Amino acid sequence: MDYQEQRKEELYSQVITAGKRRYFFDVKETRGGDKFITITESRKLFDNKTGEFYYDKNKMFLYKEDFEKFRKGFENALSFIETGIEPAPVQDDHYRADDTDARLNEIDFKF
């Protein structure tokens with residue numbers, strides 16, 4: 001897939017700069033018309049061996065069936081930081097350890 005084809009799939013993009021890090025929130029669409037979000041963390045680092053800067057990028061894909069649970073989990077984490085009170089966990093009616101383990105192996109994220 002060339003750059004132009006990739007850009008066509010991107011519907012919306014938001015960049016947030018936070019110190020030496022940048023966060024990219026990109027809304028994309030699959031060929032089937034389903035929307036999903038990619039969250040990319042990009043850090044500018046210096047390579048002492050080559051004497052050059054480079055970007056370390058980590059990407060996470062968030063699919064629409066997970067939006068609500070992700071939002072609740074994120075809000076719970078922020079609430080805990082602000083209040084120190086541990087909220088009730090987000091319930092997953094369809095949890096199966098083998099599904100989660102397989103998805104974690106597919107995605108490399110270091111948040």
Side-chain angles (χ1 to χ4, degrees):
M1 174 184 316
D2 68 13
Y3 179 75
Q4 290 294 357
E5 288 175 359
Q6 185 178 8
R7 293 291 300 172
K8 286 180 187 176
E9 291 179 2
E10 190 172 284
L11 304 174
Y12 171 82
S13 185
Q14 169 84 44
V15 179
I16 297 172
T17 302
K20 293 182 180 181
R21 298 175 193 268
R22 282 189 170 174
Y23 298 97
F24 299 84
F25 296 87
D26 300 314
V27 176
K28 298 183 179 187
E29 188 172 45
T30 65
R31 290 185 182 132
D34 291 329
K35 292 176 181 63
F36 65 97
I37 299 170
T38 62
I39 302 170
T40 306
E41 173 202 36
S42 178
R43 298 182 302 153
K44 187 175 183 179
L45 301 173
F46 185 74
D47 186 334
N48 289 322
K49 292 180 182 178
T50 65
E52 296 179 1
F53 284 97
Y54 68 98
Y55 290 92
D56 178 43
K57 294 182 180 181
N58 298 292
K59 187 174 285 197
M60 183 178 89
F61 296 84
L62 183 60
Y63 298 96
K64 71 178 182 176
E65 63 267 18
D66 301 324
F67 288 173
E68 185 62 21
K69 290 177 186 160
F70 184 89
R71 183 188 63 78
K72 286 181 180 178
F74 188 73
E75 287 175 352
N76 283 353
L78 292 177
S79 176
F80 178 77
I81 291 168
E82 293 170 357
T83 67
I85 300 169
E86 188 171 333
V90 177
Q91 296 298 315
D92 186 355
D93 300 333
H94 300 95
Y95 175 77
R96 288 189 357 219
D98 56 331
D99 288 347
T100 301
D101 294 341
R103 288 186 85 178
L104 289 176
N105 289 333
E106 292 174 10
I107 303 170
D108 177 32
F109 55 97
K110 300 177 184 174
F111 290 106

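Here the structure is a predicted model, which is why all the values come from computation and not from measurement. Computation of the quantities below employed the complete heavy-atom set of this structure, encompassing side-chain atoms and omitting hydrogens, waters and symmetry-equivalent molecules.
Other residues, nucleotides and ligands contribute over 12 non-hydrogen atoms within 6.0 Å of the CZ atom of F46. Enclosure of atom CD in E68 by more than 12 non-hydrogen atoms of other residues, nucleotides or ligands within 6.0 angstrom is indicated.
L62 and Y23 fall within a single hydrophobic cluster, where Ile, Leu, Val, Met, Phe, Trp and Tyr are joined by side-chain heavy atoms under 4.5 Å apart, directly or via other members. Residues M60 and I16 are members of one and the same hydrophobic cluster, defined by side-chain heavy-atom contacts under 4.5 angstrom among Ile, Leu, Val, Met, Phe, Trp and Tyr. Residues I39 and Y12 share a single hydrophobic cluster, defined by chaining ILVMFWY side chains whose heavy atoms lie under 4.5 Å apart.
Separating the OG1 atom in T38 from the NZ atom in K59 is a distance of 5.0 Å, to the nearest 0.5 Å. Atom-to-atom distance recorded for K64:NZ and T30:OG1 is 8.0 Å, nearest 0.5 angstrom. One distance of note links NZ of K35 with CD of E29; it measures 4.5 Å at 0.5 Å rounding.
Each of Y63, F70, F25 was scored for a ring pair (Phe, Tyr, Trp, His ring centres under 6.0 Å) with F36, with one residue passing: Y63.
Of all heavy-atom pairs between Q14 and D26, the closest is N-OD1, 4.4 Å.
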Run the side chain to side chain donor-acceptor pair (under 3.5 Å) check on E52 and Y54 step by step: do they pass? CA-CA 7 Å; E52 296 179 1; Y54 68 98; over 6 Å; no

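Salt bridge absent: E75 and K72 never bring a charged side-chain N and a carboxylate O closer than 4.0 Å.
Listed for the N76 side chain is a donor-acceptor partner under 3.5 Å among the backbone atoms of A88.
By the 4.5 Å heavy-atom criterion applied to side chains, D56 and R43 are counted as neighbours. Side-chain contact check for I37 versus F67: some heavy-atom pair is nearer than 4.5 Å.
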